Structure formats: C-alpha cells, structure tokens
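These notes are about the structure you will find just below.
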Amino acid sequence: MPLILLLVIVPISVQCQTSRSQLWLTYNQQARLSKHWGYLLDLNYRLKDFSNMTPILSAVRGGGTFYINEHSRISAGYAWFGQYVQKREKHTLSENRFWQQYLYSKNQNNYTFTYRSRVEERFRQTLPTTSKPNGDYLYSTRLRNMLQAQGPLLKPASANAFGIFWQAANELMLHAGEGIGTHYFDQNRTLAGVVISPNRKLELAVLYQFIVQYLPAVKSQQYIHSLRLSILHQLDFRRADE
C-alpha cells in the first residue's frame with residue numbers, strides 16, 4: 001500500500017514547478033489517566049529545507065481526552081503556532097488555535113485503521129503595518145479529515161516486543177473565514193513511511209509527506225516535499241483494576 005501511494009505521488013510531485021522541501025520534527029505524547037480520561041501533548045518544529053536548516057515554525061498543542069470506549073475518543077484543547085518571517089529579523093507571527101476532534105481506531109488482522117475529524121478555530125496574526133505596528137488577527141475555521149492505515153513489516157513476537165510497521169495516511173483540510181475569500185480548499189497531505197516500535201510505549205515514524213496547499217494571498221498552489229520524523233510516546237497511569 002505505501003508503495004502504491006509513492007508511485008502515485010512522486011510522478012505528480014516531480015512536475016510541480018513551485019515545490020519546496022521541509023523537515024518536520026514532532027513529539028506526540030498521549031496518556032491515559034483513568035478509564036475515560038486522558039491528555040495529549042504535541043511539540044512541533046519545522047525547518048525550511050535540509051541544507052541551511054532555516055526554522056519556519058514552532059508549535060505546541062495540548063488538550064484533554066475523553067475515551068468513549070477502546071475504539072472512540074473525543075478531545076479538545078488549545079495550540080500556539082509561531083511562524084518565523086525570514087525577511088524580517090527576529091519577527092514571529094503568532095496563531096492562537098482552539099480545536100476539537102473525534103478519533104476512531106480499530107485493529108483487525110494485525111492492521112490498524114484510524115479515522116480522525118478535527119475542527120479548528122484559528123486566530124492568525126498578520127504582518128505589521130504603519131497603522132497597526134503589531135499586526136492584526138484574522139479569524140478562520142478549518143475542518144480536517146484524516147484516514148490512516150498501518151500494518152506489520154516485522155511483526156512483534158509479543159505484545160511488548162520490538163516491531164516495524166508501514167504506515168500510510170491522507171488528510172484533507174477545508175477552511176473559511178477572514179483573508180481566505182471563497183477558495184475553501186486549504187491543504188491535502190499524503191504520507192507514507194515506516195514506524196519503528198521498540199515497545200508498546202514508544203514509536204518512531206520516518207515518513208515522506210507530500211503537501212498540496214492553496215495560498216489565498218497569491219491565488220496559487222504550493223507543493224511541499226517534506227521528511228517527517230515523529231516520536232509517539234504513550235503513557236498509561238491507570239490503576240491495575242481499571
């Protein structure tokens with residue numbers, strides 16, 4: 001399945017004239033506090049390319065999770081994003097983001113299928129102007145829908161043993177609000193790669209990510225090739241009798 005995705009993605013991306021490369025570093029922590037409650041924490045750091053390692057974005061996202069059952073959960077929280085403006089020294093554009101999501105995950109015949117729907121309320125800072133030296137904040141709402149599949153390449157010998165998996169996903173993003181106009185398509189992200197899991201608590205994902213993004217300001221699409229290195233840390237603080 002990952003090979004099929006790459007065969008589709010690569011020929012398309014090679015033809016893109018406005019393409020860029022990025023390196024994404026992420027740390028994702030998920031914890032169960034009780035039968036129904038938990039939390040999540042995400043740290044993100046993105047670099048412009050692989051040569052000069054110019055930072056373009058930092059982000060932190062946190063929130064609480066309610067586990068409906070072992071397959072379904074709902075979460076909500078707050079995230080801060082800082083976008084570095086390269087042509088303005090030491091200038092960062094902030095984004096305050098509130099979010100809510102539903103996630104469904106199911107294991108079947110050694111394969112894991114995940115669906116996630118997320119709604120985001122975004123307050124995005126604009127560049128400074130003469131009349132507004134601190135910029136302004138534009139509001140928009142974004143809807144994100146993701147489908148993900150994962151299967152074994154090296155099946156773990158036991159539940160807590162070392163394993164290697166393939167992973168593939170696609171996420172579609174639509175938005176509306178100030179500064180966007182009537183072009184509601186925001187992004188499409190396609191990912192494929194390998195997940196290395198030394199145990200059930202830790203996973204390292206090495207993924208190729210191809211992004212198609214529409215830029216309302218210039219009314220054109222941007223194509224991004226990125227390498228995504230992610231650590232997923234899963235903790236469980238539940239009592240033994242839960």
Side-chain angles (χ1 to χ4, degrees), residues 1-16 19-30 40-51 53-61 79 81 101 103-118 144-157 159-173 186-213 221-235:
M1 187 172 182
L3 179 59
I4 295 175
L5 284 171
L6 286 174
L7 290 175
V8 173
I9 297 167
V10 172
I12 297 175
S13 61
V14 167
Q15 299 174 11
C16 300
S19 61
R20 297 183 179 182
S21 62
Q22 294 180 1
L23 175 62
W24 290 24
L25 306 174
T26 67
Y27 170 78
N28 308 307
Q29 184 181 114
Q30 299 178 5
L40 57 85
L41 173 67
D42 298 344
L43 303 176
N44 294 263
Y45 190 65
R46 301 176 191 175
L47 300 165
K48 181 180 179 181
D49 51 42
F50 311 115
S51 57
M53 295 296 185
T54 303
I56 56 174
L57 183 142
S58 295
V60 56
R61 178 191 292 112
F81 282 71
Q101 75 177 30
L103 186 143
Y104 176 84
S105 182
K106 185 176 182 179
N107 297 319
Q108 186 174 1
N109 299 326
N110 297 320
Y111 295 92
T112 303
F113 301 95
T114 303
Y115 168 73
R116 186 187 71 195
S117 181
R118 178 183 293 171
R144 305 172 57 168
N145 283 288
M146 184 200 74
L147 290 172
Q148 178 180 289
Q150 182 171 304
L153 291 173
L154 177 61
K155 187 177 178 181
N160 199 38
F162 179 86
I164 302 177
F165 307 85
W166 60 262
Q167 186 181 101
N170 184 268
E171 184 174 21
L172 175 65
M173 305 183 194
D186 178 33
Q187 295 183 42
N188 182 261
R189 298 178 182 178
T190 303
L191 302 91
V194 176
V195 177
I196 302 170
S197 179
N199 50 55
R200 295 181 62 184
K201 296 181 180 180
L202 200 64
E203 291 183 352
L204 171 63
V206 182
L207 304 169
Y208 165 74
Q209 178 178 241
F210 177 62
I211 302 173
V212 180
Q213 181 177 17
Q221 287 187 341
Q222 175 179 253
Y223 303 91
I224 301 173
H225 310 268
S226 62
L227 177 63
R228 186 166 178 168
L229 305 179
S230 299
I231 295 176
L232 174 60
H233 192 190
Q234 303 189 75
L235 303 173

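Because the structure is a prediction, the values reported are computed rather than measured.
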Steps toward side chain to side chain contact (heavy atoms under 4.5 Å, CB included) verdict (L227, V206): CA-CA 7 Å; L227 177 63; V206 182; 4.2 Å; yes

Is there a donor-acceptor pair under 3.5 Å between the side chain of N28 and the backbone N or O of L232? no

Which distance, rounded to the nearest 0.5 Å, do you find between the [atom1] of [X] and the [atom2] of [Y]?
X	Y	atom1	atom2	answer
Q30	D42	CD	CG	7.5 Å
R20	Q222	CZ	CD	4.0 Å
Y115	M146	OH	CE	10.0 Å
T112	N107	OG1	CG	3.5 Å
N145	N170	CG	CG	10.5 Å
L191	W24	CG	CH2	8.0 Å

Hey, are the side chains of [X] and [Y] touching, using non-hydrogen atoms and a 4.5 Å cut-off?
X	Y	value
Y45	L23	no
L153	F165	no
F113	Q148	no

Evaluate the criterion side chain to side chain contact (heavy atoms under 4.5 Å, CB included) for residue pair L204 and L202; output intermediate values, then yes/no. CA-CA 7 Å; L204 171 63; L202 200 64; over 6 Å; no

For [X] against [Y], the heavy-atom pair lying closest together:
X	Y	answer
N44	R61	ND2-NH1, 4.4 Å
R200	N160	N-OD1, 3.1 Å
W166	A149	CZ3-O, 3.5 Å
P156	A161	CB-O, 3.8 Å
V194	L207	N-CD2, 4.1 Å

I would like to know whether T114 and Y104 meet side chain to side chain contact (heavy atoms under 4.5 Å, CB included); could you show each step before the answer? CA-CA 6 Å; T114 303; Y104 176 84; over 6 Å; no

Among side-chain atoms of Q187 and R189, is any donor-acceptor pair under 3.5 angstrom? yes

Contact list for residues 226-235, test side chain to side chain donor-acceptor pair (under 3.5 Å), sequence neighbours left out: T26-S230, Y27-H233, Q209-S226, Q209-R228

Should E171 and R116 be marked as a side chain to side chain contact (heavy atoms under 4.5 Å, CB included) after you check the CA-CA gap, both sets of side-chain angles, and the distance that decides it? CA-CA 9 Å; E171 184 174 21; R116 186 187 71 195; 3.0 Å; yes

